[in-house]
Amino acid sequence: MKYCNLLFGCIAVLVIACGDDSTSASDAWSEVSSSSFDFSSSSQAGPVPESSSDFPLPIFIQNDDQYTGFYKQDGYDAFRKLSYTSKTEMGASYLVKILISDFGTDSAEVHFMNSNKFIYHYDFAEMVLGETRSLAVFNQETYFSAEKNTVAGTLAYYASVDSMIALTFFPTDYITPVQVAAVYRLVQDRLLFLNSKGAKNRLFYMPAGSTAERAAAEYANEFKKADILVFTHAELFGDIPYQIMNTGTAYGTLRKLSAAELDTAIVSSHDILILETLPAEIPLVAATISKDAQTPLSHVNLAAQARKTPNIAFNGNELPDSLLALCGKLVKLDVKANSYTVGETSLEKAQAFWNKNVRNPIKLTYDLSDSGFINFANLNFKSSKSVGVKAANLAELHKLLPENTPDGFAVPFYHYSHFMDYAQVTEELCGRSFEDCGKEGRSSEICTEVKNACVSALRQVQSAVSRETEPAVAPRASLRGYITNIIARDDFKTDTRLREAMLDNVRYMFKHIPVEKTFGDALDAKVRELYGEAGVRLRSSTNSEDLEDFNGAGLYKSVKATAREKDLPSDEIRKVWASVWSFKVFEERTLWNIDHMSVQMAVAVHEAYPDEVANGVIITQNIADYSVAGIYANIQVGETSITNPEGGELPEIISIIPSPPPQRGVQSVLLQHSSLSPDSLILSDGEIYTLYQFVQRIQNRFAVLYNVYSDALALDIEFKVMGEERKLIFKQVRPYIL
């Protein structure tokens, strides 16, 4: 069986089980766990090997299967021809796998594999070198033995790191620092387009995890004496001038705004924003450029990924003068894997681009047949058609991990849809909403236009309804009829400021029209029965989020409620429903050409967690570096948001990857310390291992539900660490769009 991720290679004995045809992962684990291995033991010590450059090298083989070396004139272009491209936190990387045969002998040979043609080291060894060992024996002797005749590794060219190539090995490899140095020499002597001295255009060793980093640190003096460069992931990440977070092309007016200015600014999909600081929320724009560093899970980048819009982060460095000089001008921004270009453009070119990129219309589907309150126990993965993916997945998560997930119930789509027909908008509400409009800082002219549009919509809807009936004394309309009329207006479509104010008016109606009494009493009684007066969360779960190619992360509102009179669920649920019509959500759906009237909102209800000591977000693929198997985590202290930090707090960023046996199975690669915990990791080693085990269970379960191989699935999982006992609680799982 070789169903490992194609980018990662296949290792027989990882906690992420990647077995082979003849030996089970558990059997192989037992075999290697019975042997001891210590980087610091005397058997691993010794001098750094001398360079082999004093000896003549044979003429290099260069064919479609492999190179045995690169001449000076070959350069990075030839290297890229053998590589496959992967994404990392440092932008695109070009990966070439290497296999060294007869290692430790005078006839050692380095094989630079055509890594597009040969996915696995073993396949190359078998098909090109005539390897006769079984896959299990090859893996055991190559990766899990300190006595090596064959060495397997990877070279990574990070184009954003000033012409440098990293030498790295699988995190589970038993390779010692002495052996690393020997491999370094062999590889360096065959990459003739690189320098052997100095600080640039060099080969460097990059330990794959915390175990290898500790070993390299212990051997640092020997590496330094031999002029072997060593950089950790964190050191490498900190040196790059900017990050390419999301590629693409955009046309728009370049505008420079602070987070505070963005709170009140009206921007659109025809604006490209330069952000001095990261905002809590990012409205729909054509592209984003931030001065502050981002993580792949920052709200700005999640929005860019969902929208498929360009996004760049300058890591706290000063923005180029050439970029700032274009502020206020219509520009074209083109962001590639390793670079970007920006320049002035014409309105004709921009309009042609905007017209070309209009998406096909999407009308969402839903089921309104469920009208009760449905306990998680009675929901399953397929229930998303009536309660949304968020609620359905949360119910499945609770069945899998009942002690580590919240229990609750769902308020199905039916009740939102029923409220749209039951709720009546009146002329009195139009007048009251005028006052609210002004209090939020809008001009009196805009608020007057909204009030007039409100009254006009009521009369038009009532006129259409009353053609065959007796007209009512005062104009009124159902919320559904009112919204349908408002969003069809020409001025609503063409005037961004007016559209924002009209949508605020729609939300006002949701929040100020009471729910039907029988529904409200039943909802409050259900919460009181299950939770008493404890706080609960009312969490949005629509049919327009967590979709296959659009996750809608952070778009809709979730609120707290209790069974007490001041914040009853029957009152608070209207705020969740109203978020369907927030300006940023409406603009987002418009970008995707989603039929707004086909959107339905369900609500997942469960007990709130008041004693949060840490929170985190997991991506079940190692998006920091796809060349190394594992998972990716952003973790923060307490309740401080990871995706939308109000004070600019930076989260801890780690990759959790397999570690060499007989350790506990995983190790962490630190990419960034939390600004709230700058000297230590937020989770202990044991907690990281437990987290990893839970994530693997979730990954395997949802791979079955989504009908994909586990290695091919990427999930976005949110978790909390609760109370003095530091209990892990998983609160959400959704597809993550790679």
Side-chain angles (χ1 to χ4, degrees), residues 7 85-94 158-161 237 240-252 254-255 257 262 267-275 277-279 281-317 319-320 323 331-342 353-354 357 359 545 547-555 584 587-588 591-592 617 619 621-626 632 634 642-644 651 653 671-672 714 716 734-738:
L7 295 179
T85 305
S86 177
K87 290 183 179 180
T88 74
E89 290 245 305
M90 293 156 283
S93 63
Y94 301 92
Y158 298 102
S160 61
V161 191
F237 178 76
I240 61 174
Y242 60 84
Q243 300 165 272
I244 301 297
M245 304 300 298
N246 208 48
T247 59
T249 300
Y251 284 76
L254 190 64
R255 300 175 62 184
L257 297 172
L262 189 59
V267 296
S268 74
S269 59
H270 293 174
D271 291 313
I272 296 173
L273 295 191
I274 296 177
L275 304 166
T277 54
L278 294 179
E281 296 182 352
I282 185 73
L284 175 62
V285 291
T288 41
I289 302 168
S290 74
K291 182 177 179 180
D292 285 350
Q294 299 178 36
T295 82
L297 301 184
S298 67
H299 183 78
V300 171
N301 194 56
L302 288 175
Q305 286 184 310
R307 298 163 181 165
K308 304 187 187 308
T309 54
N311 181 29
I312 307 172
F314 274 84
N315 289 331
N317 299 313
L319 299 171
L323 177 65
V331 302
K332 175 187 178 183
L333 174 67
D334 192 22
V335 179
K336 299 187 182 299
N338 306 307
S339 62
Y340 74 94
T341 57
V342 60
F353 177 83
W354 296 330
N357 285 275
R359 292 175 168 88
E545 59 185 323
L547 305 178
E548 184 176 345
D549 58 351
F550 176 68
N551 67 12
L555 288 181
K584 68 167 186 174
E587 297 292 281
E588 200 81 46
L591 173 70
W592 289 83
V617 181
I619 303 301
Q621 301 285 0
N622 185 11
I623 61 175
D625 189 345
Y626 286 96
Y632 174 89
N634 282 193
I642 287 172
T643 58
N644 305 321
I653 307 174
L671 302 173
Q672 173 179 285
D716 175 344
R734 63 178 11 145
Y736 180 80
I737 302 170
L738 292 172

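Closest approach of Leu333 and Ala287 over heavy atoms only: CD2-CB, 3.7 Å. The nearest pair of heavy atoms linking Gln672 to Pro651 is NE2-O, 2.7 Å. Residues Gln621 and Ala714 come closest through the heavy atom pair CG-CB, 3.8 Å. In terms of heavy atoms, Ala286 sits closest to Ser269 at CB-O, 3.2 Å.
Between atom OG1 of residue Thr247 and atom CD of residue Gln305 there is a gap of 10.0 Å, rounded to the nearest 0.5 Å. In this structure, the separation between CZ on Arg255 and CD1 on Ile274 is 11.5 Å, given to the nearest 0.5 Å. Tyr242 contributes atom OH, which lies 11.5 Å from atom CD1 of Ile289 (distance to the nearest 0.5 angstrom). His270 contributes atom NE2, which lies 9.0 Å from atom CG of Leu284 (distance to the nearest 0.5 angstrom). Distance CD1/Ile272 to OH/Tyr251: 10.0 Å, rounded to 0.5 Å. Note that CG of Leu262 is 6.5 Å distant from CG of Leu275, once rounded to the nearest 0.5 Å.
Contacts of Asn301 classified as side-chain hydrogen bond (donor to acceptor under 3.5 Å, both in side chains), with partners at least two apart in sequence or in another chain: Asn311. Listed by chain and number, the residues in a side-chain hydrogen bond (donor to acceptor under 3.5 Å, both in side chains) with Ser339 amount to none (sequence neighbours excluded). Listed by chain and number, the residues in a side-chain hydrogen bond (donor to acceptor under 3.5 Å, both in side chains) with Ser290 are Gln294 (sequence neighbours excluded). For Asp292, there are no salt bridge (Lys or Arg N to Asp or Glu O under 4.0 Å) partners, not counting sequence neighbours. Not counting sequence neighbours, the partners of Lys291 by the salt bridge (Lys or Arg N to Asp or Glu O under 4.0 Å) test are Glu318. With sequence neighbours excluded, the residues that form a side chain to side chain contact (heavy atoms under 4.5 Å, CB included) with Asn357 are Phe353.
Of the possible donor and acceptor atoms, none in the side chain of Asp271 sits under 3.5 Å from a partner among the backbone N and O of Val285. A donor-acceptor contact shorter than 3.5 Å links the side chain of Arg359 to the backbone of Leu591.
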Kindly indicate, with the supporting measurements, whether the criterion side chain to side chain contact (heavy atoms under 4.5 Å, CB included) is fulfilled by Tyr632 and Ile653.
CA-CA 8 Å; Tyr632 174 89; Ile653 307 174; 3.4 Å; yes
How far apart are the C-alpha atoms of Val335 and Thr249, what are their side-chain angles, what is the distance that settles it, and do they pass the side chain to side chain contact (heavy atoms under 4.5 Å, CB included) test?
CA-CA 6 Å; Val335 179; Thr249 300; over 6 Å; no
Could you walk me through whether Thr309 and Thr288 pass the side chain to side chain contact (heavy atoms under 4.5 Å, CB included) test, one step at a time?
CA-CA 8 Å; Thr309 54; Thr288 41; 5.6 Å; no
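Other residues, nucleotides and ligands contribute at most 12 non-hydrogen atoms within 6.0 Å of the NZ atom of Lys336.
Using the six-membered ring where Trp is involved, Tyr340 and Phe314 have ring planes that are perpendicular, over 60° apart on the 30 and 60° scheme.
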